[in-house]
S.K.: 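Below is the structure I would like to discuss, written out as structure tokens.
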Amino acid sequence: MSDKPWYHEGLRFKCTGCGACCTGDPGYVWVNKAEIELLAKTVDMSAADFKKTFTRKVGIRRSLIELANGDCVLFDRITRHCKVYKARPRQCRTWPFWRSNLRSLKTWEETCRECSGAGRGPLVSADQIEAQQGITTV
Ligand code: SF4
């Protein structure tokens with residue numbers, strides 16, 4: 001049996017900016033101390049204020065708050081874009097190449113149905129995908 005991952009020839013991805021991954025079903029966007037500090041700086045707040053205003057404690061971790069409709073608290077409803085895109089946490093930066101999405105061709109195909117950019121656009125090599133998985137916690 002080959003020890004190559006099933007996606008060894010790479011996978012395609014180009015974000016279309018549809019915003020589907022920032023809205024909808026409930027979930028968590030995990031943020032660590034360094035990410036909170038960077039996000040706070042980006043919106044010109046202290047880390048303590050940012051933490052109080054935009055995050056919630058879940059067990060021993062922190063997640064960005066979600067609004068009642070499922071939108072991420074940092075998603076701009078008017079422009080339909082992330083307000084802190086350049087400083088977005090690693091969970092957002094590594095989407096859609098999460099371990100959970102890459103478990104099999106079937107889970108990847110499901111991801112492609114949820115994310116209009118997955119499975120389209122330029123080819124991302126298996127090495128680049130693996131490098132992202134190394135920093136993914138999802
Ligand atoms: S769901 Fe996919 S295409 Fe849409 S904003 Fe998120 S990453 Fe981009």
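Residues: numbered from 1 along the sequence shown. Numbering of ligands and ligand atoms starts at 1, following listing order. Values reported hereafter were calculated over all heavy atoms of this structure, with side chains retained and with hydrogens, waters and symmetry mates removed.
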S.K.: Quick check on contacts: which atoms of ligand 1 are under 4.0 angstrom from a heavy atom of Thr16?
M.R.: 3 (S), 8 (Fe)

S.K.: Using the rule that Ile, Leu, Val, Met, Phe, Trp and Tyr join whenever any side-chain heavy atoms are under 4.5 Å apart, tell me whether Leu67 and Leu74 fall into a single cluster.
M.R.: yes

S.K.: State whether Glu37 and Lys41 are salt-bridged, where the test is any N-O pair (Lys NZ or Arg NE/NH1/NH2 against Asp/Glu carboxylate O) under 4.0 Å.
M.R.: no

S.K.: Cys15 heavy atoms, cut-off 4.0 Å: which ligand 1 atoms fall inside?
M.R.: 3 (S), 5 (S), 7 (S), 8 (Fe)

S.K.: Quick check: does Cys115 have an N/O/S atom under 2.8 Å of atom 2 (Fe) of ligand 1?
M.R.: yes

S.K.: Rounded to the nearest 0.5 Å, what separates atom NZ in Lys86 from atom CG in Leu39?
M.R.: 14.5 Å

S.K.: Using a 4.0 Å cut-off to any heavy atom of Gly117, which atoms of ligand 1 qualify?
M.R.: 3 (S)

S.K.: With atoms numbered from 1 as shown, which atoms in ligand 1 lie under 4.0 angstrom from a non-hydrogen atom of Cys21?
M.R.: 1 (S), 5 (S), 6 (Fe), 7 (S)

S.K.: Which ligand 1 atoms does Trp95 reach within 4.0 Å, using its non-hydrogen atoms?
M.R.: 2 (Fe), 7 (S)

S.K.: Between Arg93 and Gln132, what is the shortest heavy-atom contact and its length?
M.R.: O-OE1, 3.8 Å

S.K.: Is it possible for you to say whether Val73 and Val84 belong to one hydrophobic cluster, with membership spreading through side-chain heavy-atom contacts below 4.5 Å?
M.R.: yes

S.K.: Numbering the atoms of ligand 1 from 1, which are under 4.0 Å from a heavy atom of Gly19?
M.R.: 4 (Fe), 5 (S)

S.K.: Near atom 4 (Fe) of ligand 1, is there an N/O/S atom from Cys18 that is less than 2.8 Å away?
M.R.: yes

S.K.: Taking Trp108 for the side chain and Phe97 for the main chain, is one N or O donor matched with an acceptor at less than 3.5 Å?
M.R.: no

